[in-house]
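Every chain is numbered from 1, with letters handed out A, B, ... down the list of sequences. Quantities reported herein were computed from a predicted structural model and do not represent experimental measurements.
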Protein chains: 4
Amino acid sequence: MFSEQVELRGHIIDSLLLPKVLDEILTGGGSFTIREIKVGKQRSDPSYACIDVFGPSPEVVDDLVRRLRQHGAEVVEQKAVQLVEAPADGVFPPEFYVTTNQQTYVHHGGKWIEARPVGMDCAIAVDVEKLQASTVKFSQVRTGMKIAVGHHGIRVAPQERSMERRSVFEFMASSVSSEKPKSAVIREVAAEMRLARQSGGRILVVAGPAVVHTGAGEHFEKLIEKGYVNLLFAGNALAVHDVEHALYGTSLGVYLERGSLADEGHENHMRAINTIRAAGGISKAVAAGVLRQGIMYQCVKHNVEFVLAGSIRDDGPLPDVITDVVAAQKAMRAKVEGVTIALMMCTMLHSIAVGNLLPAHVKTICVDINPSVVTKLSDRGTFQAIGLVTDIEPFLRELTEFLGQAES
Amino acid sequence: MFSEQVELRGHIIDSLLLPKVLDEILTGGGSFTIREIKVGKQRSDPSYACIDVFGPSPEVVDDLVRRLRQHGAEVVEQKAVQLVEAPADGVFPPEFYVTTNQQTYVHHGGKWIEARPVGMDCAIAVDVEKLQASTVKFSQVRTGMKIAVGHHGIRVAPQERSMERRSVFEFMASSVSSEKPKSAVIREVAAEMRLARQSGGRILVVAGPAVVHTGAGEHFEKLIEKGYVNLLFAGNALAVHDVEHALYGTSLGVYLERGSLADEGHENHMRAINTIRAAGGISKAVAAGVLRQGIMYQCVKHNVEFVLAGSIRDDGPLPDVITDVVAAQKAMRAKVEGVTIALMMCTMLHSIAVGNLLPAHVKTICVDINPSVVTKLSDRGTFQAIGLVTDIEPFLRELTEFLGQAES
Amino acid sequence: MFSEQVELRGHIIDSLLLPKVLDEILTGGGSFTIREIKVGKQRSDPSYACIDVFGPSPEVVDDLVRRLRQHGAEVVEQKAVQLVEAPADGVFPPEFYVTTNQQTYVHHGGKWIEARPVGMDCAIAVDVEKLQASTVKFSQVRTGMKIAVGHHGIRVAPQERSMERRSVFEFMASSVSSEKPKSAVIREVAAEMRLARQSGGRILVVAGPAVVHTGAGEHFEKLIEKGYVNLLFAGNALAVHDVEHALYGTSLGVYLERGSLADEGHENHMRAINTIRAAGGISKAVAAGVLRQGIMYQCVKHNVEFVLAGSIRDDGPLPDVITDVVAAQKAMRAKVEGVTIALMMCTMLHSIAVGNLLPAHVKTICVDINPSVVTKLSDRGTFQAIGLVTDIEPFLRELTEFLGQAES
Amino acid sequence: MFSEQVELRGHIIDSLLLPKVLDEILTGGGSFTIREIKVGKQRSDPSYACIDVFGPSPEVVDDLVRRLRQHGAEVVEQKAVQLVEAPADGVFPPEFYVTTNQQTYVHHGGKWIEARPVGMDCAIAVDVEKLQASTVKFSQVRTGMKIAVGHHGIRVAPQERSMERRSVFEFMASSVSSEKPKSAVIREVAAEMRLARQSGGRILVVAGPAVVHTGAGEHFEKLIEKGYVNLLFAGNALAVHDVEHALYGTSLGVYLERGSLADEGHENHMRAINTIRAAGGISKAVAAGVLRQGIMYQCVKHNVEFVLAGSIRDDGPLPDVITDVVAAQKAMRAKVEGVTIALMMCTMLHSIAVGNLLPAHVKTICVDINPSVVTKLSDRGTFQAIGLVTDIEPFLRELTEFLGQAES
């Protein structure tokens with residue numbers, strides 16, 4: 001849906017101007033929302049109306065707006081987007097337009113061009129010959145690229161809400177507090193995941209090491225085995241502790257089965273790292289028969305792509321980890337295309353980082369026992385995320401059970 | 001086990017004093033712990049040893065100590081407890097001895113008398129004729145009662161740790177963080193509860209309304225049905241929301257099955273209160289067939305005693321609630337006799353209040369998704385409590401499953 | 001401001017009905033908000049408008065609505081409130097109307113009668129002879145009282161927002177997270193408190209014991225001395241730890257000056273209680289020269305009324321504590337009349353309890369280092385509360401400094 | 001201090017063996033701690049003692065132990081450290097010894113060699129020709145390096161506690177809860193910082209962006225100006241928000257002075273990044289007069305070294321950020337030499353990362369409003385860290401005031 005705002009001023013109600021304008025919109029194949037009506041306090045006072053005109057394409061909206069002008073509707077002048085050359089590699093012009101995570105169009109050469117891919121906190125570079133627009137990160141801009149500046153000639157298409165089926169991602173305001181029932185929400189998340197798998201959507205899981213520490217790894221493995229994970233974004237720690245568990249039965253030195261400390265168990269994660277380094281990486285360790293179970297093993301076995309991004313807390317790291325954070329962002333950004341559901345579990349760092357890369361239409365659910373993780377994710381711009389404040393192990397157990405029930 | 005500390009000074013090592021003393025203790029049927037040995041830095045410097053002498057009864061310890069004195073062991077003079085009359089009803093003498101939650105003895109009339117019941121933050125009143133000692137709260141003291149003051153003639157018997165079987169309450173340092181596996185601990189808690197039920201122990205549950213809000217009520221009901229709850233301490237809110245759920249299917253206006261808000265659902269808890277008030281109380285509502293399910297219903301049906309204590313947040317309250325807090329404390333204190341396990345769920349107020357009433361030997365587990373509840377419980381003196389930071393609904397579900405498995 | 005909703009249906013735009021109605025409202029001394037306009041998709045489709053009609057008194061609104069009816073405006077039939085007799089003492093009729101914390105009117109005998117005092121989770125009792133309406137709690141209802149049931153004939157006047165001066169209580173959405181600057185907000189709170197003091201408003205402080213534990217007591221004392229506290233609601237613990245500090249320099253056994261533990265300091269709070277019990281209460285202890293400093297001392301000295309409400313966690317309690325929670329609620333409810341600002345510090349229990357008693361127009365600020373306290377206060381219906389997630393000692397220090405600066 | 005454990009078995013008390021051994025130690029210039037004494041329950045039962053023998057140098061300990069052997073003391077055989085060649089670049093031998101953050105010695109060639117620098121989670125590489133030992137990270141190991149394996153011939157010298165002056169870092173058990181008074185602790189921290197500045201110690205500050213968001217930046221600037229910061233470790237976000245504040249007066253789009261949102265303020269941090277990128281980095285921006293205030297400005301002006309380490313959440317990043325996390329770890333590790341105090345503020349990621357790099361003797365204080373940050377830091381091995389749960393702005397204000405007072 002595309003839209004334009006028009007304003008009407010004067011005796012628009014007495015003079016029948018308002019009804020005529022609304023009629024025109026409907027007749028022309030559009031629809032409208034009256035944003036504001038101010039009626040003069042005295043008979044002689046002028047009135048004011050502000051109307052959003054919607055149409056199925058930018059052309060329809062343009063056409064409607066042209067006709068409304070004849071009724072005196074004032075439209076914000078349809079300016080072309082203003083373009084300024086990037087002054088240096090990695091540097092935008094000072095007044096560059098900063099993107100959101102919504103679909104965005106620029107008006108250039110008399111056309112509305114969509115900037116691709118959708119992405120937050122980027123600039124928009126316009127190829128004036130090919131009439132193409134791309135969102136670009138600082139690291140991607142090169143001297144002389146034509147970058148959108150200011151706010152004219154730029155349109156944002158807000159996220160449309162599906163009307164057919166109200167999913168959990170729509171009826172939930174924001175987050176489910178720790179004091180609310182969660183089974184109903186988990187059942188809905190399972191339904192969304194099944195729907196995605198059936199309809200060719202892609203499911204991204206973002207996971208922190210607490211998934212392993214809490215003993216939830218076995219449920220996560222089942223999710224992978226059943227085909228509910230298409231993509232995994234994590235850090236070194238998740239992989240290290242998963243390998244530690246696969247090799248020694250411990251996580252941070254604690255036996256997951258018994259909940260008790262292993263002797264010198266704190267060294268196990270260092271030995272796990274060393275083992276994978278010696279094998280040359282996770283896939284090679286699987287191929288060599290060194291790594292025979294666990295989350296990373298299942299990813300390799302079921303061809304689930306993964307990106308392991310480095311952080312300064314990392315021990316090791318594993319050879320698979322992308323230690324340059326800009327390269328890691330680029331690798332993740334390249335893979336989110338086509339993702340329809342993002343399930344974020346127990347990691348503030350990765351949740352916010354990945355949240356920044358996702359278009360607003362991706363159904364995002366963030367599960368953490370700490371309510372502030374959920375809050376921060378929204379504060380940092382990922383408004384579409386719904387949060388579930390709960391313990392990860394029972395969450396994944398129940399999710400896996402719901403997915404299993406539906407199949408049998 | 002009873003104990004006394006003795007000190008040895010001088011050339012206790014060269015002179016063979018220390019070995020003789022230790023030998024004497026063993027011969028006399030006691031045991032010891034060497035608390036401290038300071039050996040002089042120079043040959044001529046005197047040494048020092050501080051030894052805890054243990055015996056199976058106060059008499060054995062007294063006897064041992066008498067013999068050690070002959071070896072030069074200095075014992076803190078065995079003074080009788082000092083007693084001062086309470087100056088007024090509800091007022092202790094200024095220097096009154098403040099009790100802990102450990103077994104405590106006073107030395108009076110040449111005997112060690114145990115103060116009963118064990119209780120924190122009380123004074124000790126001694127009946128010099130009957131040779132009985134009782135712990136008394138402010139509200140229980142009457143003018144002229146003889147109250148222990150100072151610290152002489154008072155012995156605390158520290159909590160003995162069972163040697164046969166290391167239970168979860170012993171091997172766990174303090175609390176299980178949200179990032180650790182919990183299944184092993186829950187299995188242990190289940191084992192303790194089964195053991196208690198078999199051996200005639202009493203299980204106290206202390207519960208807050210989040211047990212209902214989160215949908216954990218049905219698991220709690222099963223615990224009651226299976227006989228794992230002997231006593232319930234809660235507030236008005238738990239009972240109100242349980243009745244709300246029983247009558248309307250909602251808790252705080254949210255349908256627990258669907259997780260969605262009921263129309264005007266926020267009024268349901270007021271109507272639930274009104275219904276029970278109209279019936280004359282919970283038991284009468286059950287008898288009249290008005291209340292036919294839920295936690296409170298199961299308590300009535302299975303003769304589980306409950307104390308509902310009032311708070312200033314209460315709506316209503318229900319007729320069953322003891323609105324005077326001193327009376328409520330008294331009612332709870334009267335019932336904790338014989339409790340061997342206390343399971344505290346989702347209530348800081350009640351957990352701390354009940355923690356204050358429990359002897360240290362009661363195995364106490366506190367489950368809350370908020371880590372600070374667990375911390376505060378220990379800070380306020382209930383050191384024996386172990387904490388589990390997790391979501392209550394899956395906790396109770398798993399606990400009930402483990403208890404069910406064991407039976408079949 | 002009073003309001004009524006009217007609906008218009010038909011060809012209201014083409015037929016000039018809408019402009020006529022709006023004109024009528026303005027002419028009649030009212031104002032309006034167009035809540036909804038649905039214009040038919042086809043020319044022949046009927047349209048629909050829903051309009052809130054406002055007037056300075058219920059009579060003006062009634063008059064306007066009468067005239068609008070002549071234009072075909074459909075008004076929800078002006079029914080009288082339905083009254084049913086209370087079936088028993090302490091019991092409402094089943095369908096009783098549950099009040100909010102907003103001003104509420106019932107339509108009876110052809111008049112709109114305001115129910116007083118404003119209060120949440122009450123019923124409305126109507127004295128049909130005196131034409132008076134009162135909000136009543138469960139404990140106040142007597143057999144035969146006429147109680148409003150259903151939803152007809154009941155109007156809620158939503159909280160008006162002052163237009164002259166946007167105070168912090170209006171521009172702040174809900175809560176200030178721990179990661180935001182707080183000085184600006186604290187300065188605004190100081191400005192509101194000065195304004196209240198100058199214009200005869202009453203300032204209520206609700207405080208938990210952490211005010212004392214953190215060393216913030218001295219700042220609180222200054223607030224009292226300077227006349228910024230008219231009323232104090234607290235529990236036994238605040239008073240006990242304040243007295244402990246006044247008598248021994250410790251709070252929970254910790255020396256506030258040095259931050260270190262006193263020997264046997266944990267007993268100090270029990271001795272503090274005993275001292276006040278021996279004196280016969282706080283005022284008597286001040287009169288006798290036993291209590292010579294601290295928060296409670298300042299309250300007595302500056303005639304600040306206080307209500308100390310009991311809880312089951314209480315040690316003692318002090319003689320001043322109202323141990324019956326229903327009586328304590330009643331005492332607090334009796335005193336909140338005229339309160340314009342409520343400052344809630346470090347107590348979830350008292351904040352929620354007092355929040356339930358306050359009309360929505362009371363400017364309410366809740367200060368706690370734990371974000372969940374603020375969240376819960378709003379969740380339990382005190383929507384007007386703004387929260388400040390910060391440490392109480394520096395908050396009170398800064399607040400006192402701002403108030404001091406303004407005076408000099 | 002160096003130590004060795006010896007064991008005595010038999011009738012060590014009756015036979016005077018124990019006193020002889022202790023005497024020998026004192027005579028030989030050593031000291032001891034009796035770790036354990038088990039005395040046989042029956043006269044004929046053998047006893048057991050385990051004694052730590054301390055000496056001022058490894059040689060003294062060796063000498064003592066040699067003499068004790070003549071008394072029958074069993075010493076764990078003095079084995080040389082076992083060395084195995086690294087099988088590949090970046091890979092340790094399987095059984096490599098994992099270091100702690102304490103001083104560590106290896107026994108090789110009949111000598112005790114200290115491994116330098118002190119560092120957690122490293123291996124120890126021994127240069128058998130130069131008789132030098134180094135702690136090495138995975139990234140530093142090369143094929144053929146001789147790496148310590150197993151646990152023989154390795155000694156850890158536990159952190160000695162200064163006896164002259166008990167600092168806050170010693171008397172504080174672990175963390176100061178939000179409910180405790182903090183001024184006393186802050187005064188102690190100030191005293192330590194002054195002492196460090198006077199005695200040539202180095203002060204490291206690790207800071208997260210909340211320092212800027214909360215308005216604490218100005219206090220931090222004063223710390224730098226007064227010479228209390230020698231080294232700053234932070235991330236891109238701290239620098240970006242500091243620059244945003246310096247250029248626009250906002251942080252995350254919020255005006256710090258007024259606490260209100262700037263129009264399009266969320267874009268300010270992107271423009272701040274762009275400005276610094278255009279200038280070529282922070283120092284160049286200062287030199288060019290573009291950046292004229294703030295934390296980073298003060299660092300440049302006062303020659304405070306800083307390391308900005310990248311994370312996957314970063315926008316930009318600034319040209320000064322080390323985007324490769326392994327390189328960033330290396331850069332930080334190279335600079336911590338000589339650090340005596342580490343002040344960690346508002347950043348879990350950087351606090352844990354830096355904690356992993358610090359020797360245990362560095363006095364470490366972690367300030368955060370979230371108690372879990374402090375807990376996690378200790379859980380991850382930085383046991384020496386003390387925590388202060390409070391708001392950062394008032395903390396830094398008070399710290400700066402105390403430091404200022406001391407100077408005037």
Checking side-chain contact (heavy atoms from CB on, under 4.5 Å) for the pair Asn274(D)/Phe138(A): CA distance, chi angles, key distance, verdict? CA-CA 8 Å; Asn274(D) 199 48; Phe138(A) 279 111; 3.3 Å; yes

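At a 4.5 Å heavy-atom cutoff, Pro319(D) makes no contact with chain A through either its backbone or its side chain. Within the 4.5 angstrom heavy-atom criterion, only side-chain atoms of His151(D), from C-beta onward, approach chain A. Neither the backbone nor the side chain of Ala88(D) has a heavy atom closer than 4.5 Å to any heavy atom of chain A.
Side chains of Leu349(A) and Met348(D) form no contact here, defined as non-hydrogen atoms less than 4.5 Å apart.
Of the residues listed (Val325(A), Thr323(A), Val326(A)), the one engaging Asp324(D) in a side-chain contact (heavy atoms from CB on, under 4.5 Å) is Thr323(A), and it is the only one.
Atom CD of Glu267(D) sits in a crowded spot, with more than 12 heavy atoms from other residues, nucleotides or ligands closer than 6.0 Å. Annotation: Lys284(D), atom NZ; neighbour count of heavy atoms from other residues, nucleotides and ligands within 6.0 Å does not exceed 12.
Listed by chain and number, the residues in a side-chain contact (heavy atoms from CB on, under 4.5 Å) with Thr275(A) are Leu247(A), Tyr248(A), Val290(A) (sequence neighbours excluded).
Heavy atoms only, all atoms of each residue included: Ala309(A) and Ile312(D) are closest at CB-CG2, 3.6 Å. Across all non-hydrogen atoms, the minimal contact from Gln329(D) to Asp314(A) is NE2-O, 2.8 Å.
Ranked by non-hydrogen atom pairs under 4.5 Å with chain A, the options Ala328(D), Pro93(D), Ser311(D) are led by Ser311(D). Taking Val98(D), Val354(D), Ile322(D) one by one and counting their heavy-atom pairs under 4.5 Å with chain A, the maximum is reached by Val98(D). Counting heavy-atom pairs closer than 4.5 Å to chain A, the top residue among Asp315(D), Asp121(D), Asn370(D), Leu357(D) is Asp121(D). No other option in Gly235(A), Ala278(A), Ser139(A) has as many heavy-atom pairs under 4.5 Å with chain D as Ala278(A).
Judged by distance alone, the side chain of Arg313(D) and the main-chain N or O of Ser351(A) form no donor-acceptor pair under 3.5 Å.
Residue Met270(A) holds its CE atom at 7.0 Å from OG1 of Thr99(D), rounded to the nearest 0.5 Å.
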